[in-house]
Every structure is written in C-alpha cells, then in structure tokens.
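Heads up: numbering here begins at 1 and tracks the sequence.
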Amino acid sequence: MAGTTPTGEWSERVAFANAAGEPFAYRPNEIVVAGEQARDFALEVTGFEADVEEVFPEEGFGADARRPVLFRVRAEFDPVELSADLRLRGMVGQPNHVLFAHCGCCCRPHPADRGVAGSPVYASPVYASPVYASEYQATGHRKSSARPASEPAYLTVPASSPRPEGGRAPRVVVLDTGLAAGALRPACVGAVSCAAGDCDEPDEDGDHLLDPAAGHGTFIAGLIALLAPGCDLTVERVLTTFGDGDEVTIARAIAALDPDTDILNLSFGGYAMERMDVLAAAIRIVQKRATVVVASAGNDATCRPAYPAALPGVIGVGAVGPDGPARFSNYGPWVRACAPGVDLVSAFFTVFDGAGTAPAGTADPDRFREWACWSGTSFAAPVVAAALAREMRLTGVGAADAVARVVDAPGLLRLADLGTVVNLL
C-alpha cells in the first residue's frame, strides 16, 4: 500500500469533534456515504463540486448487490453536520474517522492512581490517544515514549522450532507505520517483507526528535519475528510516524490483502461518531476469507468500544503488566484477550540519536541502537498474533483452530473485562 499514507500538516489531516459527549477524530472535508441517493445528496449540498470515488472499487460492498456501494466525498463542508443530516433523512453517512497507534505518550497517570502513595507508574499512560489528550490536538506533537534498551535475552526463541511435515509457514500481515529500511533495519526483522514505499522513518518532520509513533511498525514486527520465528511476515504502511491513519485508507489496505493471509495485526484504533461502517466492511471481507484479525484495545482506560478491536469476530487485546492489568488498558466485554504490554523490548532503528538531552550522568533518552523498550496495548496485540502463529506452525492447524486453542478454549486463565491471558514472554 505504498503511497497511501496521508501527507500534509496535522491540522490539514486531523480534526476532532464530540457526539453526545463522546470524542472522536476524523479527516476534515471528507465523508463516506452509502448508496447513490446519499452520494447525490452530498453532491447537491456541496454544489456538485465535490470529488467522489468508490471506497472499494473492485470488491467489498460493491461486490454484493444486497449492500449499497460506499463512496468517499471530498469538498469544503462539515462532515459531522452532513453525516447527521443524512441520517435524519434515512440515509447512511459518516465522517472518515482517524485512528491512532496505541503506544504511550508519557503524560498524566490513571485518575485512580493520582496522589496514591506507591501506585505504579508506567511509561504508557492513560489518554494516549489525542482524542482524549487535548494538549496534542492542535499540532499532534508529543514526545515519543519509546526508550533505548539492550538486546532482550528473554525474547530469544530457537529459529529451528519444528513444523509438521508438509505444513506451510503462517502468513502474518502487520498494517502500521511501515518497517525500517536500509541501514536502519535491525537484523531480527531482516527477512520481513515490506514494499519500498512502506518505510518507517525516525524523524519525518525533520525536527531532530524521534516522531511519536516512529518505529512502531518495526517494534511490532520484531515482537512477532522473535516470538514466532519461521512465519511469513509482511509489514505495510497505513499510519504516519505521528501515529494517525484514516478509516478509508486502512479499510482499502485490509480489503486488498492477499487472500491467503492467516493473521492480520492492527495495533491502532479509534472512536466513532456512531459506527465505523467502512472499517467494518473491510474486516468482514477478510474474515470471509478465514483471516483472523487481532487488534489492540487502546490505552485510554475506558470501557468505551474502540475500533477495530470491538468489531464482531475481532480479537481485541488489552494489556497486562507484572502486577496485573495495566492501568492504561481499555477494557470491557468486547476485549477477548490480554497479553504483556508494559515495558516490552523489541527491535527498533539500528541507529538514531535525536536532539533530546538528559541530566549529567544519566542515559541519553533518544540514542537508540537496534532495541527499544515500549508500553501499550499496541504491543500486547502482536504477542497474541505471535501465539496464534506459533500454534499454527507447531501443530499444523489453521488460524481459526489456533484461536479456538489459544484464546477460546475452556479452562484458560481469564480476567474480567480483559479476556484470556496470553503470554509467550
């Protein structure tokens, strides 16, 4: 999906609104409508000067005569107001929602822990999404919470683990910020597939600081490669290094996946005005092909459903730490599994030394050499994806059977509102 990542200034690509007191993010001047009647109404409202295109030009809703074709409409208008107008008229429309990577941003602690002596402090806090962190809404700028680390001995897994005779390597796809390229790519992800344009760069805005979500895709690919060696792993870019990606771009990338994809890892999410019909349509497409979708639940310590994790059939993943549930993790009956997501160590850029400084005698906070330590449900999700891939590789079962064994089997340890505990570390 090279070239699909949005460009331009933050204010040109991300806007924020509330629906009944529930905040969400969306692309300015873009709306998605269902059916020709809604499309024509949107065109009439915009004076027939809008740019209109089908969301899934070759498959998806358009391939099913029982469902209306989805159109993205771009023009100078308020998509939130127009969506409400469409629904009042019995038509379907929604903003093109923006979703964010679920990595931490080093801000305030969980409200329940404020002022409590001895309460745990995690690198990945509550309100990691700009939807809930108003101080980041204007510019998107924030400090990356990734920290330099050493090679993690506890992640070393024998690459020669057995595989049933005649079995194929599980095919795992990660949609994220891309993968570090060239001399910046760490050795442990050297065999991971990535298109030339789907590169993960440390400092795309050129301010000599690590971008807030830079290395996110590389870190996730490293976790899967280290925990489930021998799988066929591909990384594609749908998010910027600021961590944002829009629903239409992400849905198109999902619908375009190789039909033989076994496991899809989505370590990002967002909140909707009402629903995320476009993303839901894309998820249904790949689920019908027997692809298992694993998605991070979010870092906002809320039970409010986050998408895609809360969509039907998706394995939404929360985070646990050494002392139990991570205080930042979203939770609820829609979260099907949980995995370690606090202070994990994985692959990062081989070389990056930003302009950040530290007091004398302390470590440089942004001098990275191939490894990083990071927290968030973003990194719990690939632990679950890796567990499924390992089950497939070691036993020869399909992805659905791996889910039945690793996530849904009776007798597995479960936590209320966080689902089945999955741990390979």
Side-chain angles (χ1 to χ4, degrees), residues 1 3-6 13-15 17 19 24-46 48-99 175 236 238-239 244-257 259 264 266 268-289 291 293 295 305-308 310-314:
M1 293 300 292
T4 61
T5 303
R13 67 176 191 259
V14 183
F24 62 94
Y26 62 96
R27 291 279 185 242
N29 303 319
E30 292 189 17
I31 190 173
V32 179
V33 299
E36 295 180 357
Q37 182 183 9
R39 177 202 61 189
D40 293 344
F41 178 80
L43 281 171
E44 182 179 351
V45 168
T46 60
F48 297 96
E49 295 181 355
D51 175 31
V52 180
E53 60 180 341
E54 289 187 23
V55 172
F56 303 119
E58 297 179 357
E59 57 182 322
F61 271 16
D64 188 340
R66 295 170 301 176
R67 293 176 174 167
V69 176
L70 295 176
F71 298 95
R72 176 167 60 179
V73 182
R74 292 167 165 163
E76 292 292 329
F77 57 81
D78 182 344
V80 176
E81 182 178 309
L82 183 53
S83 296
D85 286 346
L86 282 164
R87 296 194 177 201
L88 282 173
R89 289 166 171 78
M91 294 177 277
V92 176
Q94 64 158 79
N96 183 12
H97 295 102
V98 171
L99 299 90
L175 298 185
E236 298 181 10
V238 295
L239 304 178
D244 64 290
D246 69 82
E247 185 179 357
V248 169
T249 298
I250 292 168
R252 284 176 164 173
I254 292 171
L257 289 178
L264 172 62
L266 305 175
F268 51 78
Y271 306 100
M273 178 179 176
E274 290 187 18
R275 302 182 302 271
M276 283 199 186
D277 292 332
V278 181
L279 191 60
I283 295 292
R284 283 196 298 271
I285 290 170
V286 297
Q287 285 174 332
K288 288 179 180 178
R289 301 174 188 159
T291 298
V293 182
Y307 302 99
L311 290 172
V314 173

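- The neighbour count for E36 CD, taken as heavy atoms of other residues, nucleotides or ligands under 6.0 Å away, does not exceed 12.
- Closest heavy-atom contact between L239 and L99: CD2-O, 4.4 Å.
- Note that CZ of F77 and CD of E30 are 8.0 Å apart. Values are rounded to the nearest 0.5 Å.
- Between F24 and Y271 the shortest heavy-atom distance is CB-O, 3.1 Å.
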Applying side chain to side chain contact (heavy atoms under 4.5 Å, CB included) to N29 and E76, what does each step give before you reach the verdict?
CA-CA 5 Å; N29 303 319; E76 292 292 329; 3.9 Å; yes
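- The line from CD of E236 to CG of L264 is 9.0 Å long, rounded to the nearest 0.5 Å.
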Fill in: Derivation of the salt bridge (charged side-chain N to carboxylate O under 4.0 Å, His left out) call for R27 and D244
CA-CA 10 Å; R27 291 279 185 242; D244 64 290; 3.5 Å; yes
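- Taking each heavy atom of F56 and A282 in turn, the nearest pair found is CZ-CB, 3.9 Å.
- Scored by the side-chain contact (heavy atoms from CB on, under 4.5 Å) test, A295 finds L266, P308, A309, V314 as partners (sequence neighbours excluded).
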Query - Working for side chain to side chain contact (heavy atoms under 4.5 Å, CB included), residues L70 and D277 - result: CA-CA 9 Å; L70 295 176; D277 292 332; 5.6 Å; no
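- With hydrogens and angles ignored, the 3.5 Å screen pairs a side-chain donor or acceptor of E247 with a backbone N or O of L279.
- Environment of CD in Q287: crowded, with over 12 heavy atoms of neighbouring residues, nucleotides or ligands closer than 6.0 Å.
- With sequence neighbours excluded, the residues that form a salt bridge (Lys or Arg N to Asp or Glu O under 4.0 Å) with E274 are R87.
- Among residues two or more places apart in sequence or in another chain, the salt bridge (Lys or Arg N to Asp or Glu O under 4.0 Å) test is passed with D85 by none.
- Heavy atoms only, all atoms of each residue included: T46 and A75 are closest at CG2-CB, 3.7 Å.
- Qualifying side-chain hydrogen bond (donor to acceptor under 3.5 Å, both in side chains) partners for R39, counting only residues two or more places apart in sequence or in other chains: none.
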Apply side chain to side chain contact (heavy atoms under 4.5 Å, CB included) to V33 and F41, showing your working.
CA-CA 10 Å; V33 299; F41 178 80; over 6 Å; no
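- Distance check, rounded to the nearest 0.5 Å: CE of M276 to CD1 of I283 gives 11.0 Å.
- Between the CZ atom in R72 and the CD1 atom in I31 there is a gap of 12.5 Å [rounded to 0.5 Å].
- Interatomic distance, CZ of F71 versus CG of D51, reported as 12.5 Å (0.5 Å rounding).
- Under the salt bridge (Lys or Arg N to Asp or Glu O under 4.0 Å) criterion, R89 pairs with no residue at all, not counting sequence neighbours.
- M273 places none of its side-chain heavy atoms less than 4.5 Å from the side chain of Y26.
- Residues passing the side-chain hydrogen bond (donor to acceptor under 3.5 Å, both in side chains) test with E81: none are found, sequence neighbours excluded.
- Rounded to the nearest 0.5 Å, atoms CD1 (I285) and CD1 (I254) are 9.0 Å apart.
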